[in-house]
J.: 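To start, I am sharing the structure in question, which I have written as structure tokens.
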Amino acid sequence: MESWSPATENEVSSIVDRDLRECPDELLAFFAKVRVPLRAVPIARFGEIESVYVVAERDGMVIYYEDVEEGFNLSRLGDDGGIANPGWEQWDLCQALRQLSA
């Protein structure tokens with residue numbers, strides 16, 4: 001059994017680059033508007049505080065990479081700057097961008 005370790009900034013950056021190769025032009029243009037420099041934010045998991053990387057933000061909603069579930073999710077940030085409502089969608093980046101653009 002492999003042991004889990006959190007995704008690094010470089011790993012998330014590579015996942016973003018990989019997923020963007022599959023996105024249609026309109027989502028690439030949208031991502032160019034909402035992309036933010038990768039930043040780690042806190043997330044509560046099973047009573048522990050860990051961190052995930054935010055990759056995009058629009059009107060207070062962020063796309064972040066959930067490295068346990070290995071997919072992108074949407075959430076607002078809480079007052080503490082952390083993920084307020086962890087999701088379990090496991091989207092690729094294109095799917096998450098569609099949700100954020102809706």
Side-chain angles (χ1 to χ4, degrees):
M1 182 170 137
E2 292 183 36
S3 63
W4 175 84
S5 60
T8 66
E9 184 174 350
N10 285 340
E11 289 169 335
V12 174
S13 181
S14 292
I15 293 165
V16 167
D17 290 344
R18 177 200 70 202
D19 283 7
L20 287 175
R21 287 193 291 270
E22 302 299 321
C23 288
D25 289 344
E26 68 271 9
L27 288 179
L28 293 175
F30 178 68
F31 186 63
K33 294 177 187 175
V34 298
R35 184 176 204 160
V36 296
L38 291 182
R39 72 177 188 270
V41 299
I43 187 171
R45 293 183 179 142
F46 309 107
E48 300 291 325
I49 301 298
E50 299 177 355
S51 63
V52 292
Y53 285 96
V54 167
V55 302
E57 184 169 6
R58 178 183 184 211
D59 299 330
M61 185 71 71
V62 298
I63 295 176
Y64 67 96
Y65 185 70
E66 171 48 87
D67 51 9
V68 170
E69 299 294 327
E70 297 183 354
F72 290 93
N73 295 306
L74 300 179
S75 177
R76 295 208 174 274
L77 296 179
D79 292 337
D80 65 352
I83 300 299
N85 299 304
W88 315 108
E89 291 85 9
Q90 301 176 350
W91 289 318
D92 64 33
L93 184 55
C94 297
Q95 292 168 315
L97 287 166
R98 279 188 193 92
Q99 293 298 315
L100 188 63
S101 69

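Numbers here are sequence positions counted from 1.
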J.: Can you name the closest pair of heavy atoms from Tyr64 and Pro86 and give their distance?
T.: OH-CA, 3.4 Å

J.: State, to 0.1 Å, how close Asp92 and Phe72 come at their nearest heavy-atom pair, and which atoms those are.
T.: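 Closest heavy-atom pair between Asp92 and Phe72: C-CD1, 3.8 Å.
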
J.: Is there a donor-acceptor pair closer than 3.5 Å between any side-chain N or O of Ser13 and the backbone N or O of Glu9?
T.: no

J.: If you round to the nearest 0.5 Å, how far is CD of Glu22 from CG of Leu93?
T.: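 If we round to the nearest 0.5 Å, Leu93:CG and Glu22:CD are 11.5 Å apart.
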
J.: For residues Trp88 and Glu66, determine if any side-chain heavy atom of one lies less than 4.5 Å from a side-chain heavy atom of the other.
T.: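 Side chain of Trp88 against side chain of Glu66, heavy atoms only: contact under 4.5 Å found.
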
J.: Find out if a path of hydrophobic residues (ILVMFWY) with successive side-chain heavy-atom gaps under 4.5 Å connects Leu38 to Tyr65.
T.: yes

J.: State yes or no: do Met61 and Leu77 share one hydrophobic cluster built from I, L, V, M, F, W and Y residues joined by side-chain heavy-atom distances below 4.5 Å, directly or via other members?
T.: no

J.: Can we say Arg45 and Glu69 salt-bridge, meaning some charged N sits less than 4.0 Å from an Asp/Glu carboxylate O?
T.: no

J.: Closest approach of Ala84 and Ser75, non-hydrogen atoms and distance?
T.: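 For Ala84 versus Ser75, the nearest heavy atoms are N-OG, 3.3 Å.
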
J.: What distance do Ile15 atom CD1 and Tyr53 atom OH have between them, rounded to the nearest 0.5 Å?
T.: 11.5 Å

J.: Got a second to check how far Leu97's CG is from Arg35's CZ, nearest 0.5 Å?
T.: 10.0 Å

J.: Looking only at atom types and distance, does a side-chain atom of Asn73 sit under 3.5 Å from a main-chain N or O of Glu89, one as donor and one as acceptor?
T.: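 Pair found, side chain donor or acceptor close to backbone of Glu89.
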
J.: So do the side chains of Val36 and Val55 get within less than 4.5 Å of each other, counting heavy atoms only?
T.: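 No, too far: nothing below the 4.5 Å cut-off.
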
J.: If you round to the nearest 0.5 Å, how far is CG of Leu74 from CG of Asn85?
T.: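 Here the interatomic distance stands at 11.0 Å.
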
J.: For residues Leu100 and Phe30, determine if any side-chain heavy atom of one lies less than 4.5 Å from a side-chain heavy atom of the other.
T.: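 They are in contact (side-chain heavy atoms under 4.5 Å apart), so the answer is yes.
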
J.: Return the minimal non-hydrogen interatomic distance between Ile49 and Pro42, and the atom names on each side.
T.: CG2-CB, 3.9 Å

J.: If every non-hydrogen atom of Leu28 is compared with every non-hydrogen atom of Leu20, which pair is closest and at what distance?
T.: CD2-O, 3.5 Å

J.: Do Val12 and Ile43 share a hydrophobic cluster, counting only Ile, Leu, Val, Met, Phe, Trp and Tyr and linking them when any side-chain heavy atoms are less than 4.5 Å apart?
T.: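 No, no single cluster joins them.
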
J.: Decide yes or no on side-chain contact (heavy atoms from CB on, under 4.5 Å) for Asp67 and Glu11, but give the supporting numbers first.
T.: CA-CA 10 Å; Asp67 51 9; Glu11 289 169 335; over 6 Å; no

J.: Quick one: are Cys94 and Arg98 in side-chain contact, heavy atoms under 4.5 Å?
T.: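 Of all side-chain heavy-atom pairs linking Arg98 with Cys94, at least one is under 4.5 Å.
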
J.: Kindly work out whether a path of hydrophobic side-chain contacts (I/L/V/M/F/W/Y, heavy atoms less than 4.5 Å apart) joins Val34 to Trp91.
T.: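 As far as the 4.5 Å side-chain criterion goes, Trp91 and Val34 are connected within one cluster.
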
